[in-house]
Amino acid sequence: VGHRVPRGLTWGLSIGLTLGLGPGLVLPAAAGAQAPGSVEIFPVQDLRFGTLPTGAAGGVDPRDASRRAELEIRGKGEYLLEVLLPAEMASPAGFTFPLGFNGGDGVLQWLKSGLEQPLDPTLPYPLDIPAQEKGVRVFLGGTALPPRDQPPGLYSASITVRVTYLGT
Amino acid sequence: VNKLLSAALAAALVLPAGGAAQSANGTVGASATILAYLDVQKLADLDFGSINAGSAATLTPGTLPGAGSLGVLQLDHNAEVSLSVSLPAGGLTLVGGSGTEPKLPVSFECGYSAASSGALDAAAVSCAALPNRLGNDDGSARTSYIQIGGDIGAGDTTGRIPGTYTGQVVFTVTSVY
């Protein structure tokens, strides 16, 4: 019995150290001094097509600040940026209609300098974020293509941006 | 004790590296509100034809008139629709008159049908009381017809100034969804 008491104390001490050191090392990255490869994505705004009549395509330009989708990527280094684009929008009742995206439906804007460049969201994109830029904003547009006999109502879809670290 | 403590520290130091994301996903939504499709076309005017003074005239929706013709509207819609009907106040007006001549009263009757002529889906009613067109709240496309008829009483043609009398019945159709 006397032998077991010290072991119990040891486990208690190790748990305390783990919890204490972990957050302490992670915090600087969250404050902006990110370790190479660390990356965060923040959804900023949904893509909003608004109200559309049936049978008429409705497009959103990636430079339309009020309706485009927007995400912010924070990191530094070389990444592969991929946009997982939905092929259709769906209603709660299960009705769907096609969505269209092309090479002109994306724009990148560097966080620090504010400079913009085109992004083809239909293709994987090698993204090199210089340290001084700290990250980039991704703007996305698209085209909704409801056919003439599309049932009315609210439709929705999800767009996912995936960033994978490649190196510095 | 030392072994256990070392293991614990190692785990603590490794954790942040594992926690620093080498990849990340971010998701935004896309939304659109699709309006209902609705198209309304007039296929035929309501025409009572020539009426002798002192005679009545009746055009019954859902039947084939012996003289004259029913008014017909075609509705293409993929939602249920509601109707608001505006009838000519006081009746039909003499064409070419001064505007002060007595109007020719008409009782308008309407009914829905699945074809531009023939039987109605339900009994004809006063056009002002025509109910919503129900049955496709699932968004399915549908073509409906409204047949418009009416009655002109014999008493209203007696002593009437001869001539052509006209008026407009205005249907305001609204998708409901």
Minimum heavy-atom distance between [X] and [Y], given as atom pair plus value:
X: A:Phe97; Y: B:Ala32; answer: CZ-CB, 4.3 Å
X: A:Thr54; Y: B:Leu35; answer: CG2-O, 3.1 Å
X: B:Ala24; Y: A:Glu40; answer: CB-CA, 4.5 Å
X: B:Asn78; Y: A:Pro152; answer: O-CD, 3.5 Å

Option that, when pairs with chain A are counted at under 4.5 Å, heavy atom only, ranks first among B:Gly26, B:Ser140, B:Ala36: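 Heavy-atom pairs under 4.5 Å are most numerous for B:Gly26.
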
Looking at side-chain heavy atoms only, is the closest gap between B:Thr27 and A:Pro43 below 4.5 Å?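 Not touching, per the 4.5 Å side-chain cut-off.
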
Under a 4.5 Å cut-off applied to non-hydrogen side-chain atoms, are B:Val28 and A:Leu47 in contact?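 No, too far: nothing below the 4.5 Å cut-off.
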
Best-contacting candidate, [options], against chain B by heavy atom pairs under 4.5 angstrom:
options: A:Ser156, A:Pro151, A:Ala144; result: A:Pro151
options: A:Ile73, A:Leu154, A:Thr164, A:Val161; result: A:Val161
options: A:Gly142, A:Ala69, A:Ala157, A:Ser158; result: A:Ala157
options: A:Glu72, A:Gln150, A:Glu70; result: A:Gln150

Is [X] in contact with chain B via its backbone, its side chain, both, or neither, using a 4.5 Å heavy-atom distance?
X: A:Arg148; result: both
X: A:Glu82; result: neither
X: A:Phe42; result: neither
X: A:Leu71; result: side chain
X: A:Gln45; result: backbone
X: A:Phe95; result: side chain

Return the CZ to OG distance between A:Phe49 and B:Ser31, rounded to the nearest 0.5 Å.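 Answer for the CZ-OG pair, A:Phe49 versus B:Ser31, is 8.5 Å.
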
NE2/B:His77 to CG/A:Asp149 distance, rounded to the nearest 0.5 angstrom?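 Those atoms lie 13.5 Å apart.
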
Taking atom CD of B:Gln168 as the centre, report whether more than 12 heavy atoms of other residues, nucleotides or ligands fall under 6.0 Å from it.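 Check fails, neighbour count at 12 or below.
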
Are [X] and [Y] connected, step by step, through hydrophobic side chains (Ile, Leu, Val, Met, Phe, Trp, Tyr) whose heavy atoms are closer than 4.5 Å?
X: B:Phe171; Y: B:Leu75; answer: yes
X: A:Leu99; Y: A:Leu85; answer: yes
X: B:Val40; Y: B:Leu130; answer: yes
X: B:Tyr112; Y: B:Leu87; answer: yes
X: B:Val125; Y: B:Val106; answer: yes

Given that the side chain runs from C-beta out, which part of B:Ala141 has a heavy atom under 4.5 Å from chain A: side chain, backbone, both or neither?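 Only the side chain of B:Ala141 comes within 4.5 Å of chain A.
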
Considering only heavy atoms, which portion of B:Tyr37 lies under 4.5 Å from any heavy atom of chain A: side chain, backbone, both, or neither?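 Contact with chain A is through both the backbone and side chain of B:Tyr37.
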
For residues 119-144 of chain B, which residue pairs pass the salt bridge (charged side-chain N to carboxylate O under 4.0 Å, His left out) check, not counting sequence neighbours?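 Every pair satisfying salt bridge (charged side-chain N to carboxylate O under 4.0 Å, His left out) with a residue in residues 119-144 of chain B: B:Asp121-B:Arg133.
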
